[in-house]
Amino acid sequence: MDNTTLLSEFEPKPTKQVIEYERQLFQARFSPCGKFLIASGYDATIQRWAVSGNETKRLSPCLGHHAWVPCLAFIPTTERIVSADSWGQIAVWQYADETPAPVWKNDAAHDGWVRAVAVSPDGQRIASGGNDRMLRIWSAADGKLLKEWPHPEKIFSLCFHPSGSSLVSGDLKGVIRDWDIDTATVRRELDARVLYQLDKIQECGGVRHLSFNHDGKRLACAGQKTPGGGFSTGFPCVLVFDWDDGQLLREMQMGKNDDGFAYDAIFHPAGFVMATSCAFPGKGFVWCWTPQSEKPFFESTSIPNGRSLSLHPDGRRIALLVSKSANGNGRVLVQGVYQGGSAQIHILEF
Amino acid sequence: MLGAAAAGGLGLGTFLQPCVADELAKNDKQVLLIWLDGGMSQLESWDPKPNTEFGGPFRAIPTSVPGIHVCELLKHTAKQMHHLAVLRSVCTQDNSHSAGVARINRGDPKNRGVEYPYLGSAVAKLLGPTSSGMPPYIWIKPNSGGFKASDAGFLGAKYGALALGDGKPPENLLLNKSISSEEDELRNELRRKFNDRYAVGRRTEWTDANSYVYELAQKLMKRDDLFDESSFTDKDRQRYGTHELGRHLLLARRTLETGVRFVKVNSYHWDSHGDNFNASESLISQFDQPFAALIEDLHQRSMLDNVLVIVMSEFGRTPKINSHVGRDHWPEAWSIAMAGAGIRKGVVVGKTNDQGTFVEDKPYDIGHLFHTWFKAMGVPPDKMEYDNQGQPLPVAHDDCGPIAELLV
């Protein structure tokens, strides 16, 4: 399909449905069954909403994490999710329960910040990694450590190939590794170094997100091109690789060099990439881009500061999580109270 | 002898009460100021608030002092906490770099229509060189070096900083090998004659400064070993790190060992408005490792009782985490760390509230800290003032005083 046709069929349009949350969130995902929207936050909680038609109802959260929960993934064939926090805890939850308690948890799964978790396509194994430069494989059923090995750099992102044959890691320096889990060896590396920069004295950027398309022939990795220090300015960017030969198919660079990180990039079953970026308030894009095209067929700044995108199983609805937290120096009080940030989840439709 | 001559050259006796000047002349206290330009986050360093709204992702870790915790990014420094004092209730006035840098460096005295000196220049004036005869104020910084007179304010150019750009000696400092020492002395004799002739009828603070810089250069030329990086051991390089701040703090150790009165080490690019937590991981580790090594070394060399070490920025960073996952400028409640001469060991003074947003007990401004540091150095501020061409000026803010809990 050409861009005009794609736009006519797949233009994401905002609905009036906006879910407010009082703290900032990292990601919000529809469950595979489509009946739940699950989000993980800066407040050590996992928030849940029941989804029914155009209605959402907030449910009790999953409690038990100690700090930021940047990692969340559904476990296929179950009603379970795995989450991980910045103090090293990994937990698995029965997300559809009325009051979810951990099925299992490991308070010391890693030393410090867990940056990424991924679940194998058969739902049997969970991979995790983070600042401690260790890759660990866990039994999804009971949390038993199955395998571990050191990783050359801080791990920022992980995903399994849909065939289950590869675990893919993205790191701070922009290196993507294709791991053979059985032998804990690297089969090959893909070059995403444009997403990293040593700017003066600060190491900046990294591969912030990885995802395959449905048949595993394409790999998208998200981040920021020529990331800078300080204000952390750079171009939102998604790189799409041909998985078979490891060649870069498309560099999807968006906006200006202050439009922030592409924090999320997902493939639509029709083959295009949907991505979102976040920077200072009012900055950042949502865009849709097919790797065959030199330009996106859709781009919008009408809902800026996107942190994650999730496609509902119906293929029509999208949950766009955005950050709402003003920047500014010094004391800003509202009715005498110092304000923190919050989040909104916008429901879009094709 | 060189020290006495240099002290005379700086005119100690001309502006202080004689008895105080005599006392100060015996004072070999030294200062190391580590300036993290742009503003290090207090929440990711000295004042962690784990698992609170503004606490960020990191853990607090115990230190060598029971009951005191710091952010996990200070894992090496945590082991040296028994040497340190941290003031967690710093509350200052400016949330902009342009005003904040100068105000903090000058101690924010009352406005009397003059430009006050930065701390290094103030110490160079108040204490002069140590008995080593080395220059009183050396500034180790990235990029370019040279003589930086602007720090001196109304004190006059000669109290400025001799800046070692990237730790390197000033250009053409070292004597060209084709020139013998005898020839060099003849050159200097000729220069002094020219200077004397030029000085006739001109204001002495200008001509003095000009001559002073030459004198400084001559002293430094005799200490070219100071700049020989190859003489550092591999172990030292490993402990301090080979990155910029590591190299500069290792050079600062040597500079202090040679007897420089005041050493300032600047590190830039700490202004983490975006992606603060990854930035903090990258930056604070570059501070933590060499700083901990330096404190350990100063202690092992029995220098820490004599050297006042200060770590500060122009402000802290906002508790609020903005949409770009950054922290902005926050002068309302932040932390300054110190160690060494005259400073209590292993203490935290002051407290912020549970969220880390504001100071919970008594807030202290930079004026209190200048009083504290001058007292720690053995300078009694209540008995001293600058004489600015007849205008008496207090060395620190009139309405502030030293923070007793920080002092031995």
Side-chain angles (χ1 to χ4, degrees), chain A residues 23-24 42-44 65-68 70 85-88 111-113 131 154 156 172 198-206 224 227-234 258 260-261 263 278-284 304-305 307 322-333 337-341, chain B residues 38-39 50-61 72-73 75 93-97 100 142 243-245 267-283 285-287 315 317-333 353 355-358:
Chain A
R23 297 281 296 276
Q24 292 195 77
Y42 286 36
D43 58 357
H65 274 296
H66 302 302
W68 280 11
D85 73 27
S86 62
W87 289 9
D111 182 7
W113 195 343
N131 279 11
K154 286 179 186 171
F156 274 24
L172 166 66
L198 176 62
D199 183 21
K200 302 181 180 75
I201 64 170
Q202 184 182 332
E203 294 197 292
C204 308
Q224 192 181 55
F231 282 72
S232 196
T233 52
D258 60 354
F261 287 95
Y263 281 107
C278 184
F280 290 116
K283 288 286 185 179
N305 298 108
R307 294 300 302 264
V322 302
S323 169
K324 305 289 285 184
S325 188
N327 61 325
N329 301 326
R331 176 195 291 253
V332 180
L333 303 178
V337 177
Y338 184 71
Q339 302 292 305
Chain B
N51 200 9
T52 64
E53 179 170 5
F54 306 116
F58 299 114
R59 298 168 290 186
I61 55 171
E72 64 177 304
L73 299 182
K75 63 182 179 183
Q93 307 303 314
D94 278 304
N95 62 31
S96 74
H97 301 293
H243 55 284
E244 184 179 83
L245 188 53
S267 175
Y268 293 100
H269 313 297
W270 287 72
D271 194 19
S272 51
H273 289 278
D275 206 24
N276 170 75
F277 304 94
N278 289 308
S280 292
E281 281 196 317
S282 177
L283 298 172
S285 63
Q286 295 178 53
F287 161 77
F315 36 60
R317 307 214 70 85
T318 49
K320 182 177 187 174
I321 300 163
N322 65 38
S323 285
H324 202 17
V325 203
R327 296 192 192 269
D328 302 305
H329 306 168
W330 191 248
E332 304 281 352
N353 63 21
Q355 297 289 303
T357 50
F358 297 101

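Since the structure is predicted, the reported quantities are computational estimates derived from the model, not experimental observations. Here is the naming used below: chain letters follow the sequence lines, and residue numbers restart at 1 for every chain.
Comparing B:G274, B:P331, B:P57, B:G326 by heavy-atom pairs within less than 4.5 Å of chain A, the highest count is held by B:P57. Comparing A:T233, A:I201, A:N327 by how many heavy-atom pairs each has under 4.5 Å with chain B, the most go to A:I201. Residue with the most contacts toward chain B among A:G112, A:G341, A:A44: A:G112 (heavy-atom pairs, distance under 4.5 Å). In terms of non-hydrogen atom pairs under 4.5 Å with chain A, the most contact-rich of B:T357, B:N276, B:T52, B:I321 is B:I321. The candidate from A:A67, A:P227, A:A279 with the greatest count of non-hydrogen atom pairs under 4.5 Å with chain B is A:A279. The candidate from B:Q355, B:Q286, B:R317, B:E244 with the greatest count of non-hydrogen atom pairs under 4.5 Å with chain A is B:Q286. Note on A:G284, A:P70, A:G260, A:S86: by heavy-atom pairs under 4.5 Å with chain B, the leading option is A:S86.
A distance of 9.0 Å separates CG in B:N278 from SG in A:C204, rounded to the nearest 0.5 Å. Summarising the geometry, atom CZ belonging to A:R331 is positioned 11.0 Å from atom CG belonging to B:N95; distances are rounded to the nearest 0.5 Å. Interatomic distance, A:F280 CZ to B:N322 CG, rounded to the nearest 0.5 Å: 5.5 Å.
In this structure, no portion of A:L198 lies under 4.5 Å from any heavy atom of chain B. B:P142 does not touch chain A: none of its heavy atoms, backbone or side chain, sits under 4.5 Å away. Residue contact with chain B, scored on non-hydrogen atoms closer than 4.5 Å, is absent for A:D85.
With a 4.5 Å cut-off on side-chain heavy atoms, A:R23 and B:E53 count as touching. Residues A:Q202 and B:W270 form no side-chain contact, since every pair of their non-hydrogen atoms from C-beta on lies 4.5 Å or further apart. Counting only heavy atoms from C-beta outward, the side chains of A:F231 and B:D271 approach each other to under 4.5 Å.
The backbone N or O of B:H329 sits less than 3.5 Å from a side-chain atom of A:N329, completing a donor-acceptor pair. Of the possible donor and acceptor atoms, one in the side chain of B:H324 sits under 3.5 Å from a partner among the backbone N and O of A:S232. B:S282 places a side-chain N or O within donor-acceptor distance of the main-chain N or O of A:E203, the cut-off being under 3.5 Å. Distance alone, capped at 3.5 Å, places no donor-acceptor pair between the B:S323 side chain and the A:P281 backbone.
Among the candidates A:W68, A:W113, A:Y42, the single residue satisfying the ring pair (Phe, Tyr, Trp, His ring centres under 6.0 Å) test with B:F277 is A:W68.
The pair B:R59-A:D111 meets the salt-bridge criterion, with a side-chain N (NZ, NE, NH1 or NH2) lying under 4.0 Å from an Asp/Glu carboxylate O.
In this structure, B:W330 and A:Y338 have tilted ring planes: the angle between them lies in the 30° to 60° band.
Residues satisfying the salt bridge (charged side-chain N to carboxylate O under 4.0 Å, His left out) criterion with A:D258, sequence neighbours excluded, are A:K283. Residues passing the salt bridge (charged side-chain N to carboxylate O under 4.0 Å, His left out) test with A:R307, sequence neighbours excluded: none.
Aromatic pair A:W87/B:F58: ring centres not closer than 6.0 Å.
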